[in-house]
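For reference, the structure discussed in these notes is given below.
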Amino acid sequence: MKAVFLSIFFVLFGLVANAQGTAKEGTPATDNLARQFNNLKSNSNSYSENNRSYKVVNVASLDAFWKSVQETIAAREQQLKQAGIETEQNLVQAREDIAAQQEQLQALKQQYAAKEQEVQQNAHDVANLSVLGIDMEKQTYVILSFVVIITLLVLLGIFLLQYKNSKNVAVEKRRAYDEVNQEYDEYKKGAREKELKLKRELQTEMNRIEDLNQQIAALKKQSHV
């Protein structure tokens, strides 16, 4: 029986060691697992055999610790799902912002084309022009038109820069979403592998217990004989 408890303890020790490695990030869940493991270790009876130290673990405490491990895994999966949802929402908002900026850019291009056409039409006018009821020389009008055009070009450049930045933000958010998705898949795969490994090891220990029981029964029969 001591060998059985020791085997189960070492299996759970490997799982907790992995949880403690993750606990370096300082998350409450991993801190709680580390604390439970330390309590389980400190509250277990110790004995020595063949110059080695062993721990005898209480089954109820072992079950409670395993339940905490499963709850921690489930909470982590839920956090990853929520992070994926929030990233997708941010990506949708970024796409809407890009679409709105594209519409503004198109309107600005139309205004620029209309102003350019107006300048070309007035190029053949007489030296004195009347703009908005104000008489001015053609040279002054041309200078004013160039100022307006330059201003529009500057605004166009600003909108193009904003569009580029918004596009980069959307790409970064998409990359972040893909990374979170990949991390979630890897974590889920690792958790499933660990669970299967633990089940196989527990099944092996159960088989060992069954073999021991059979050996004990055989010894009892031999002793009666």
Side-chain angles (χ1 to χ4, degrees), residues 1-90 176-225:
M1 292 299 292
K2 291 181 179 178
V4 173
F5 282 120
L6 286 173
S7 300
I8 296 175
F9 177 78
F10 286 133
V11 169
L12 290 177
F13 179 80
L15 181 61
V16 174
N18 182 53
Q20 287 181 323
T22 308
K24 293 179 180 179
E25 299 176 359
T27 59
T30 51
D31 288 342
N32 185 44
L33 282 180
R35 184 169 59 255
Q36 290 186 33
F37 173 73
N38 291 329
N39 291 336
L40 181 66
K41 183 178 177 181
S42 62
N43 293 331
S44 301
N45 295 326
S46 302
Y47 75 96
S48 298
E49 184 177 336
N50 297 328
N51 293 326
R52 293 183 179 180
S53 298
Y54 297 93
K55 289 283 187 178
V56 178
V57 182
N58 182 273
V59 175
S61 299
L62 198 61
D63 291 339
F65 176 72
W66 173 240
K67 182 179 179 182
S68 297
V69 171
Q70 291 179 318
E71 290 175 352
T72 301
I73 293 175
R76 178 60 175 165
E77 290 179 348
Q78 183 62 31
Q79 290 175 357
L80 290 175
K81 289 180 180 178
Q82 184 63 30
I85 294 173
E86 292 176 357
T87 303
E88 185 65 26
Q89 291 174 349
N90 292 335
Y177 171 75
D178 292 338
E179 290 175 356
V180 170
N181 219 11
Q182 183 179 3
E183 181 185 0
Y184 170 71
D185 291 338
E186 292 175 356
Y187 179 83
K188 187 176 181 180
K189 181 180 178 182
R192 186 181 296 110
E193 291 175 353
K194 290 176 183 178
E195 183 177 359
L196 291 176
K197 181 180 178 182
L198 184 59
K199 287 182 178 179
R200 287 195 297 267
E201 291 176 348
L202 289 176
Q203 183 62 43
T204 301
E205 295 305 322
M206 291 176 65
N207 293 336
R208 290 181 182 178
I209 292 174
E210 184 64 26
D211 292 338
L212 289 174
N213 289 333
Q214 292 177 359
Q215 292 176 9
I216 292 172
L219 290 174
K220 287 181 178 180
K221 289 180 179 180
Q222 291 178 1
S223 62
H224 287 305
V225 174

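Everything numeric here is computed off the predicted structure, so don't read it as measured data.
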**Asked** Is there a side-chain contact between D63 and K67, using heavy atoms and a 4.5 Å cut-off?
**Response** no
**Request:** Could I get the full list of salt bridge (Lys or Arg N to Asp or Glu O under 4.0 Å) partners for D185, not counting sequence neighbours?
**Result:** none
**Message:** Please report the interatomic distance OH(Y184) to NZ(K81), rounded to the nearest 0.5 Å.
**Reply:** 4.0 Å
**Item:** Rounded distance (nearest 0.5 Å) linking atom NZ of K188 with atom CD of E183
**Value:** 14.5 Å
**Fill in**
To the nearest 0.5 Å, atom CD of Q36 lies from atom OG1 of T72 at 7.5 Å
**Prompt:** Is K199 salt-bridged to E195, cutoff N-O under 4.0 Å?
**Reply:** yes
**Request:** Any chance you could measure E186, atom CD, to E179, atom CD, to the nearest 0.5 Å?
**Result:** 10.5 Å
**Request:** Mind checking the OG1-CD spacing from T87 to Q82? Nearest 0.5 Å is all I need.
**Result:** 9.5 Å
**Item:** L202 side, atom CG; N207 side, atom CG - distance, nearest 0.5 Å
**Value:** 11.0 Å
**Donor-acceptor contact present, side-chain N38 to main-chain A34, <3.5 Å** = yes
**Request:** State which residue, out of Q203, K197, E205, fulfils the side-chain contact (heavy atoms from CB on, under 4.5 Å) condition with E201.
**Result:** K197
**Minimum heavy-atom distance between A83 and V180, given as atom pair plus value** = CB-CG1, 4.0 Å
